[in-house]
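Letters A, B, ... mirror the listed sequences (proteins, then strands); counts begin at 1. All values below were derived from every heavy atom in this structure, side-chain atoms included, with hydrogens, water molecules and symmetry-related copies excluded.
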Amino acid sequence: MTPTNVKTRFAPSPTGRMHLGNLRTALFNALLARSRGGRFLLRLEDTDESRSSGAHAQTLMADLRWMGLHWDEGPEAGGEAGPYHQSERGAVYERYYRALEAADQAYPCFCTERELELSRKAQRAAGKPPRYAGTCAHLTAEERERRRAEGRRPTLRFRVPAEETVVFHDLVRGEQRFPTDEIGDFIIRRADGTAAFFFCNAVDDALMGVSHVLRGEDHLTNTPRQLLLLRALDLPQPEYGHINLITGDDGAPLSKRNGSLSVAELREAGWLPEAVLNYLARLGHHYTGEVESQLLDLQGLADAFRTDALGRAPARFDRHQLSHWQQLAVHRADEATLAPWLERLDDAVPADRRRALLAAVRDNILFPDDLAAWGQRVFGPLPALAPDTEAVIRDAGPAFYEAALAELETTAGDFPALAKAVRKATGAKGRQLFMPLRAALTGLCRGPELGPVYALMPVDIARCRLEQARELAATTP
RNA sequence: GCUCCCAUCGUCUAGCGGUCAGGACGCCGCCCUCUCAAGGCGGAAACCGGGGUUCAAUUCCCCGUGGGAGCGCCA
């Protein structure tokens, strides 16, 4: 594979937990970089001090690591284009602000947030799109100085050129055209001196050598602003691709209200990273042919990742389909992957039987809670029986369980021997033989193969189960 | 309000003017099997509405409808 200059990035703001939407964005960027032998960069957009926190930043990075989305450049990984926290890059931005001001492509704006809010309100009331009215766009030096003397601290606004059209090719949606007269002058530096999103997001992509950006479609209409900035500063422009929206059950953008899960929640519930990534990769990207339904590792997903296979239509997050991938992932998982599930078993399950328990029920479970439930069924007390299970036990009759109990000692741990002995004593075979045993021993009419489960079950627990079944079989409903 | 994006089975999608509109997941059935699952085989299931262009439209154009985005000193 030849080295390339492809570099993608994931640039979250550390203001909260990572959710499925940004996870998918991170994934697509990582896959694009890997598919072309490039690099995947992490940058933290934390210029909003009131909303950002170091704790959230640490959690974001831990989430990415847990998912296997390791970054090649960025915080804790190093690189030549740091710092990778935007809050630490004020000095980097300073020269670009000066350049824009010197060329009169940016100007100080003394309007207060209150004034701006009222202006937007008035424009909306008049049926017009809210846009900066240009109050400070043409102040004289004296006017600016007077405002400073009054104690006003200005923001810095970018002066959008008039009567032009910004054209760019979107990796997902093709050619896009935006007349600049639809774009008002926008803030690039806050009054407190910190960089605003439009500025630092674009400038950092250029300075960090980012070549491709896949991001949410909400940024499609922001792209002309950023391209104008990069052009004004004579900085390279990355190729942008605006990927499709993920929706919840109700068709609205996915959020906590309609089904989104945080990475923390996924982890807590026992979803495997491989399952989540295989599903998210197919939520907005199409995998063709045999790999369509195969569980792939990260590199496998990357190998088949193509920007021309990215979808435009919103895609609905479907927990059932995610479950399908969980099933495949659990089946394929090695012991190390499922080791945390053993740790969650309660004390009823002896430490030296846990791995055997997992092996016995593995084809039958999706989550650590399922494993724990089977641990209870094998080593602990049974929950109340369902009516269909009781019916099976009654149908078998007390004699059936009497026969099983008689053979219990001689067949301890050996289910085929138990089944053979009960068949011989009662004449029951096939379903009529196995189902009553299953119902009595596990309390269910379905589940994993009985042999390994019975082998694990302590003999006194098996006896107790069979005795309870014999009693129940003698009753009438 | 203005501008922009989007619309194919229940869900994810293939399609880029002529296809019995294909695949996957889910669902149903059969095989395998003590049951559940896995695996194999099969089945049901979709082009938002109207108009136009064309010999021919899911596909190209227009309008509508529905969904969404941007127009923040959030990102």
Side-chain angles (χ1 to χ4, degrees), chain A residues 11-13 15 22 45-48 50-52 109 111-113 116-117 120 123-132 153-157 170 172-173 176-179 181-184 186-198 200-201 215-225 242 244-245 247 249-253 279 282-289 292-294 309 311-325 327-328 331 361-366 392 415 419 429-439 442 444-451:
Chain A
S13 57
T15 55
N22 10 23
E45 304 203 329
D46 57 353
T47 57
D48 187 339
S50 66
R51 299 167 190 263
S52 305
C109 175
C111 299
T112 66
E113 291 189 72
L116 294 169
E117 188 187 331
R120 284 194 289 267
Q123 284 167 325
R124 285 186 188 278
K128 291 175 183 176
R131 191 151 309 146
Y132 181 56
R153 300 182 65 191
T155 63
L156 193 66
R157 278 189 188 269
D170 189 86
V172 182
R173 296 159 203 277
Q176 301 293 309
R177 309 173 68 89
F178 292 86
D181 292 344
E182 310 266 354
I183 305 170
F186 52 92
I187 289 174
I188 56 175
R189 187 178 64 201
R190 298 186 182 91
D192 66 4
T194 59
F197 166 80
F198 286 126
C200 51
N201 180 268
R215 61 185 182 178
E217 68 171 18
D218 49 337
H219 292 297
L220 179 62
T221 43
N222 293 336
T223 307
R225 289 174 178 75
H242 293 88
N244 65 339
L245 184 67
T247 66
D249 294 337
D250 56 0
Y279 176 55
R282 292 171 173 82
L283 211 57
H285 181 277
H286 178 57
Y287 284 86
T288 307
E292 175 173 19
S293 53
Q294 286 174 6
R312 301 192 300 269
R316 192 162 297 195
F317 174 74
D318 184 332
R319 196 97 61 119
H320 277 101
Q321 294 203 42
L322 176 56
S323 294
H324 162 74
W325 293 104
Q327 194 165 31
L328 297 188
H331 281 201
V361 305
R362 182 216 248 308
D363 287 349
N364 208 254
I365 61 173
L366 288 182
V392 164
F415 185 76
K429 61 186 177 185
R431 190 187 174 103
Q432 303 308 314
L433 170 62
F434 285 95
M435 191 58 78
L437 288 172
R438 175 182 293 283
T442 69
L444 291 173
C445 292
R446 63 189 175 280
E449 195 179 322
L450 268 177

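- Tested against A:N201 for a side chain to side chain contact (heavy atoms under 4.5 Å, CB included), the candidates A:H219, A:R225, A:R215 yield a single pass: A:R215.
- If you take CD of A:Q327 and P of B:rG39, they are 8 Å apart, rounded to a whole angstrom.
- Across all strands, A:E117 comes closer than 4.0 Å to no nucleic acid atom at all (heavy-atom distances).
- Here B:rA24 presents its P atom at 19 Å from CG of A:L283, a figure rounded to the nearest Å.
- If you take atom P in B:rG51 and the same atom in B:rU59, they sit 13 Å apart, rounded to whole Å.
- Remark: A:H324 is not in phosphate contact with B:rA24, judged by side-chain N or O atoms under 4.0 Å from OP1 or OP2.
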Between protein and nucleotides 60-63 of chain B, what N or O pairs are separated by less than 3.5 Å?
none

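- A:R131 contributes a side-chain N or O that, together with a main-chain N or O of A:E182, makes up a donor-acceptor pair within less than 3.5 Å.
- Spacing of P atoms, B:rA21 relative to B:rG39, comes out at 30 Å, to the nearest Å.
- B:rG42 sits 40 Å from B:rU54 when the C1' atoms are compared, rounded to a whole Å.
- Residue A:I365 is out of contact with every strand shown, counting any heavy-atom pair closer than 4.0 Å.
- When each of A:T442, A:I365, A:D363, A:V361 is paired with A:P448, the side chain to side chain contact (heavy atoms under 4.5 Å, CB included) condition holds for A:V361 and for no other.
- The gap from the P atom of B:rA38 to that of B:rA24 amounts to 15 Å, rounded to the nearest Å.
- Comparing B:rU58 with B:rG15, their C1' atoms sit 8 Å apart, to the nearest whole Å.
- Between the side chain of A:R312 and the backbone N or O of A:H242 there is no donor-acceptor pair closer than 3.5 Å.
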Summary of protein contacts for nucleotides 64-75 of chain B, nucleotide by nucleotide, where a base hit scores B, a sugar-phosphate-only hit scores S (4.0 Å, heavy atoms): ---SSSSBBBSB
Residue pair A:Q327, A:L366: steps toward the side chain to side chain contact (heavy atoms under 4.5 Å, CB included) verdict: CA-CA 6 Å; A:Q327 194 165 31; A:L366 288 182; 3.6 Å; yes
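- Of the N and O atoms on the side chains of A:R190 and A:T194, at least one donor lies less than 3.5 Å from an acceptor on the other residue.
- When the P atom of B:rU33 is taken as reference, atom NZ of A:K429 falls 15 Å away, rounded to whole Å.
- Spacing between B:rG17 and B:rC27 at atom C1', rounded to whole Å, works out to 34 Å.
- Where A:L450 and A:G289 each meet RNA chain B at their nearest nucleotide, the meeting point lying more 5' is that of A:G289.
- Atoms CG (A:D363) and P (B:rA38) sit 10 Å apart, rounded to a whole Å.
- Side chain of A:F178, nearest nucleotide from B:rA37, B:rU35, B:rC4: B:rC4.
- Within the 4.0 angstrom heavy-atom criterion, no nucleotide atom of any strand lies near A:G311.
- Straight-line distance between the P atoms of B:rU13 and B:rG18: roughly 23 Å, to the nearest whole Å.
- Within the structure, no pair that satisfies the side chain to side chain donor-acceptor pair (under 3.5 Å) test touches residues 316-325 of chain A, not counting sequence neighbours.
- In this pair, A:F415 and A:F434 present their aromatic rings tilted. The plane angle is within the 30 to 60° band.
- Taking atom NE2 on A:H286 and atom P on B:rC16, their separation rounds to 13 Å, with Å as the unit.
- Closest approach of A:T47 to A:A195, counting heavy atoms only: OG1-O, 3.3 Å.
- Heavy atoms of A:E449 sit under 4.0 angstrom from at least one base atom.
- Considering CZ of A:F317 and CG of A:L322, their distance stands at 5.0 Å, rounded to 0.5 Å.
- Of the P atoms belonging to B:rA7 and B:rC60, the separation is 10 Å, rounded to the nearest Å.
- A:R438 comes within 4.0 angstrom of a nucleotide base, judged by non-hydrogen atoms across all strands.
- For B:rG26, the base has no donor-acceptor partner in the side chain of A:Q321 [N/O atoms by modelled type, under 3.5 angstrom].
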